[in-house]
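In this text the structure is predicted, and so the values were computed from the model without any measurement.
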Amino acid sequence: EVQLQACGGGLVQAGGSLRLSCAASGSRLDEYAIGWFRQAPGKEREGVACISESFGPTYYADSVKGRFTISSDDNAKNTVTLQMNSLKPEDTAVYYCVAVPDVFFGSTWIEFKNEYDYWGQGTEVTVSS
């Protein structure tokens, strides 16, 4: 079983930055990649980015490419960060980190979201215009 703790959300003006963190704990963590989804009010949950310590590359949604960076935190074991720059009002959402089994890690990782059992509690990001 995997537990995920997400934090770092908040209120920021358009053009600003936020850094989200997802700390993983539990067993067999080396069998999972870590991804981020987000869900805006009235919209479906959409994939944002995904990273695996076992495999490259990283994956990004087109809407965040060039603005968001997902990485492993060198200073905190089993922690993944999502650096979000040049934020836009349309980035406003609740952001969830998720444990992605390695078997689903790849360019289509978003399509298997219903197969993922371990989700963090969500952290809210609000970008004002």
Subject >> Heavy-atom closest contact (A49 atom, Y60 atom, distance) >> reply: CB-CD2, 3.7 Å

**OP:** Check the side chains of S71 and T81 for a donor-acceptor pair under 3.5 angstrom, ignoring hydrogens and angles.
**Re:** yes

**OP:** Give the cluster check for Y59 versus W36: same hydrophobic cluster or not, with ILVMFWY residues linked at side-chain heavy-atom distances below 4.5 Å.
**Re:** no

Original post:
Would you call I110 and V48 a side-chain contact if the rule is heavy atoms closer than 4.5 Å?
Top reply: no

Original post:
Which atom names give the shortest non-hydrogen contact between S129 and P89, and what distance separates them?
Top reply: CB-CG, 3.8 Å

Original post:
Who are the ring pair (Phe, Tyr, Trp, His ring centres under 6.0 Å) partners of F68, not counting sequence neighbours?
Top reply: none

Original post:
With a 4.5 Å heavy-atom cut-off, do I51 and S72 have their side chains touching?
Top reply: yes

**OP:** Decide yes or no for V94 and R45: does some side-chain heavy atom of the first lie under 4.5 Å from some side-chain heavy atom of the second?
**Re:** no

**OP:** Sequence neighbours left out, what pairs pass side chain to side chain donor-acceptor pair (under 3.5 Å) with at least one residue falling in residues 12-34?
**Re:** Q3-S25, S17-N85, R19-Q83, R28-E31

Subject >> Polar side-chain atom of T123 near backbone of G9 as donor-acceptor pair, under 3.5 Å >> reply: yes

Subject >> Common cluster, W119/V103, ILVMFWY with side-chain heavy-atom separation under 4.5 Å >> reply: yes

Subject >> Test item: D73 and V80 side chains (from C-beta on) under 4.5 Å apart, heavy atoms >> reply: no

**OP:** Identify whether I70 and V64 are in the same connected component of the hydrophobic contact network (ILVMFWY, side-chain heavy atoms under 4.5 Å).
**Re:** yes

Original post:
To the nearest 0.5 Å, what is the distance between OG1 (T69) and CG (L82)?
Top reply: 8.0 Å

**OP:** Show the numbers, then the answer: is there a salt bridge (Lys or Arg N to Asp or Glu O under 4.0 Å) between D91 and K88?
**Re:** CA-CA 5 Å; D91 294 319; K88 305 175 181 179; over 6 Å; no

Original post:
Looking at Y96, is R38 sitting on its ring face, NZ or CZ under 6.0 Å from the six-membered ring centre and within 45 degrees of the normal?
Top reply: no

**OP:** Name all residues meeting the side chain to side chain donor-acceptor pair (under 3.5 Å) criterion together with E124; count only those two or more places apart in sequence or in a different chain, and write none if there are none.
**Re:** none

**OP:** Kindly compute the distance separating OG (S54) from CG (D102), expressed to the nearest 0.5 Å.
**Re:** 5.0 Å

Original post:
So, do M84 and Y95 sit near enough that their side-chain heavy atoms are less than 4.5 Å apart?
Top reply: yes

**OP:** Check whether any side-chain N or O of T79 sits under 3.5 Å from a backbone N or O of K77 as a donor-acceptor pair, and report yes or no.
**Re:** yes

Original post:
Where do E1 and Y118 land on the side-chain contact (heavy atoms from CB on, under 4.5 Å) test, with the steps shown first?
Top reply: CA-CA 8 Å; E1 186 172 342; Y118 305 117; 3.7 Å; yes

Subject >> Side chain proximity check, Y116 to V100, heavy atoms < 4.5 angstrom >> reply: yes

Subject >> Note, I34 side chain near L4 side chain (heavy atom, < 4.5 Å) >> reply: yes

Original post:
Is there a donor-acceptor pair closer than 3.5 Å between any side-chain N or O of Q121 and the backbone N or O of A6?
Top reply: yes

